[in-house]
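Scope of the values below: all heavy atoms of this structure, side chains included, with no hydrogens, waters or symmetry mates.
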Amino acid sequence: MATLYGFFRSSAAFRVRIALNLKKISYDTVSVHLRKGQHKTEEYLKLNPMSMVPFYVDDMVSVGQSLAIIEYLEDRYPEPAILPSTYAGRARVRAIAQMVACDIHPLQNLRVMQYLEHNFKIDDEGTKTWAAHWIKTGFDALEKLLASSPDTGIFCHGDTPTMADVYLFPQILNAHRFGLDVKQWRTIARIEEACRKEEAFIRAMPENQSDAE
């Protein structure tokens with residue numbers, strides 16, 4: 001049985017939960033409460049020196065980083081696929097996923113927000129403004145990419161969920177959390193509604209996790 005170390009509110013762990021659900025892979029969960037500092041315990045640091053979630057363990061790997069975990073799942077369990085069959089399609093889906101994972105999400109990650117608060121004395125309203133700015137900047141670009149491409153279907157790429165949706169959907173929920181009106185991005189809002197109807201996404205929602213508060 002696979003084990004996923006995560007936190008209900010972690011966007012990165014959320015992505016992995018969606019991927020596991022899409023591929024119908026059974027797994028156990030271990031909660032690592034980020035706000036209580038459980039990711040900094042000696043025991044967890046031995047497992048993952050980066051002291052972050054998610055971290056995934058099965059009979060073949062012990063690996064962190066959502067991109068690496070999800071690519072591993074796709075390689076080991078190729079059906080149902082969450083990457084397109086063509087080289088161009090796979091590159092496009094990876095690019096969308098990495099726009100979220102590398103350019104949008106890191107700037108409003110919990111540890112960044114805490115650093116702004118503790119080291120620069122930015123108040124709660126200021127950190128929310130910071131997060132909303134970078135999400136909007138990223139979503140403005142992503143909306144143009146999605147809206148202008150014939151490859152965009154019901155989901156980011158075609159009419160079934162791909163790795164792109166696995167990354168985008170948790171970030172959409174973050175946009176809501178930071179007070180952004182997602183309807184200003186018509187294509188992204190439409191994709192959100194499509195994801196909300198999928199069982200794999202519903203089961204992965206933060207409020208549906210055993211450690212939800």
Side-chain angles (χ1 to χ4, degrees), residues 1-32 34 39 44 47-106 109 142 151 153-174 191-192 194-206 208-212:
M1 176 73 75
T3 301
L4 178 66
Y5 293 80
F7 180 51
F8 80 101
R9 195 171 284 159
S10 162
S11 296
F14 190 176
R15 302 165 191 159
V16 177
R17 294 195 300 264
I18 297 170
L20 286 162
N21 293 342
L22 284 170
K23 290 186 172 292
K24 298 179 170 56
I25 299 169
S26 298
Y27 65 98
D28 291 328
T29 59
V30 175
S31 178
V32 181
L34 300 181
H39 57 304
Y44 189 68
L47 182 69
N48 182 8
M50 277 296 291
S51 71
M52 299 172 70
V53 295
F55 197 84
Y56 180 81
V57 179
D58 68 10
D59 61 326
M60 293 182 66
V61 301
S62 296
V63 63
Q65 300 296 334
S66 62
L67 274 169
I69 296 168
I70 293 170
E71 289 276 5
Y72 164 75
L73 296 175
E74 179 73 351
D75 288 341
R76 185 172 181 186
Y77 307 98
E79 297 296 335
I82 57 172
L83 282 173
S85 58
T86 66
Y87 294 131
R90 293 164 84 88
R92 180 176 183 267
V93 164
R94 285 184 170 115
I96 294 169
Q98 290 182 32
M99 285 177 70
V100 174
C102 302
D103 296 329
I104 302 173
H105 177 248
N109 187 279
L142 186 53
D151 292 320
I154 295 173
F155 295 95
C156 289
H157 191 90
D159 295 333
T160 56
T162 67
M163 188 185 294
D165 307 287
V166 167
Y167 278 77
L168 177 59
F169 185 64
Q171 189 58 60
I172 292 172
L173 267 60
N174 281 347
I191 291 168
E192 176 189 3
C195 290
R196 286 185 179 274
K197 297 175 183 177
E198 295 288 322
E199 181 65 22
F201 289 76
I202 295 169
R203 286 171 50 210
M205 294 279 282
N208 294 330
Q209 305 316 300
S210 59
D211 60 340

Review point. Got Val100 and Arg15 here, is their nearest side-chain heavy-atom distance under 4.5 Å?
Key: yes

In terms of heavy-atom contacts, Pro84 and His157 come closest through CG-CD2, 3.5 Å

Output for pair (Met163 CE, Asp165 CG), nearest 0.5 Å, gives 11.0 Å

Closest heavy-atom pair, Cys156 versus Leu168, reported as atoms and distance to 0.1 Å, is SG-CD2, 3.6 Å

Sequence neighbours excluded, the answer for ring pair (Phe, Tyr, Trp, His ring centres under 6.0 Å) partners of Tyr5 is none

Would you check if Ile18 and Tyr167 make a side-chain contact, meaning some heavy-atom pair closer than 4.5 Å? no

Sequence neighbours excluded, the answer for side-chain contact (heavy atoms from CB on, under 4.5 Å) partners of Gln209 is Phe8, Arg17, Asp211

Output for pair (Leu22 CG, Tyr77 OH), nearest 0.5 Å, gives 15.0 Å

Taken to the nearest 0.5 Å, the spacing of Ile96 CD1 from Met99 CE works out to 7.5 Å

Tightest non-hydrogen contact, residues Ala13 and Leu4, listed as O-CD2, 4.3 Å

Test item: Leu173 and Phe14 side chains (from C-beta on) under 4.5 Å apart, heavy atoms:
yes

In short, Ala19 meets Leu73 closest at the heavy-atom pair CB-CD1, 4.2 Å

Across all chains, not counting sequence neighbours, the ring pair (Phe, Tyr, Trp, His ring centres under 6.0 Å) partners of Tyr72 are none

Rounded to the nearest 0.5 angstrom, the CZ-CG distance for Phe7 and Leu34 is 5.5 Å

In terms of heavy-atom contacts, Ile70 and Ile82 come closest through CG2-CD1, 3.7 Å

Distance col, row Ile104:CD1 vs Gln171:CD, nearest 0.5 angstrom, shows 5.5 Å

Of all heavy-atom pairs linking Phe169 and Cys195, the shortest is CD1-CB, 3.6 Å

Could you check if a side-chain atom of Leu67 sits within less than 4.5 angstrom of a side-chain atom of Arg94, using non-hydrogen atoms only?
no

OG1 of Thr86 to CG of Asp151, rounded to nearest 0.5 Å, is 7.5 Å

| Would you say the side-chain atoms of Asp58 pair up with the backbone N or O of Ala2, donor to acceptor, closer than 3.5 Å? | no

Sorted by chain and number, sequence neighbours left out, side-chain contact (heavy atoms from CB on, under 4.5 Å) with Ala68 holds for Val63, Gln65

Taken in chain and number order and not counting sequence neighbours, the residues that satisfy side-chain hydrogen bond (donor to acceptor under 3.5 Å, both in side chains) with His39 are none

Across all chains, not counting sequence neighbours, the side-chain contact (heavy atoms from CB on, under 4.5 Å) partners of Glu198 are Phe155, Pro161, Phe201

Item checked: Worked verdict on Asn174 versus His105 for side chain to side chain contact (heavy atoms under 4.5 Å, CB included) -> CA-CA 9 Å; Asn174 281 347; His105 177 248; 4.0 Å; yes

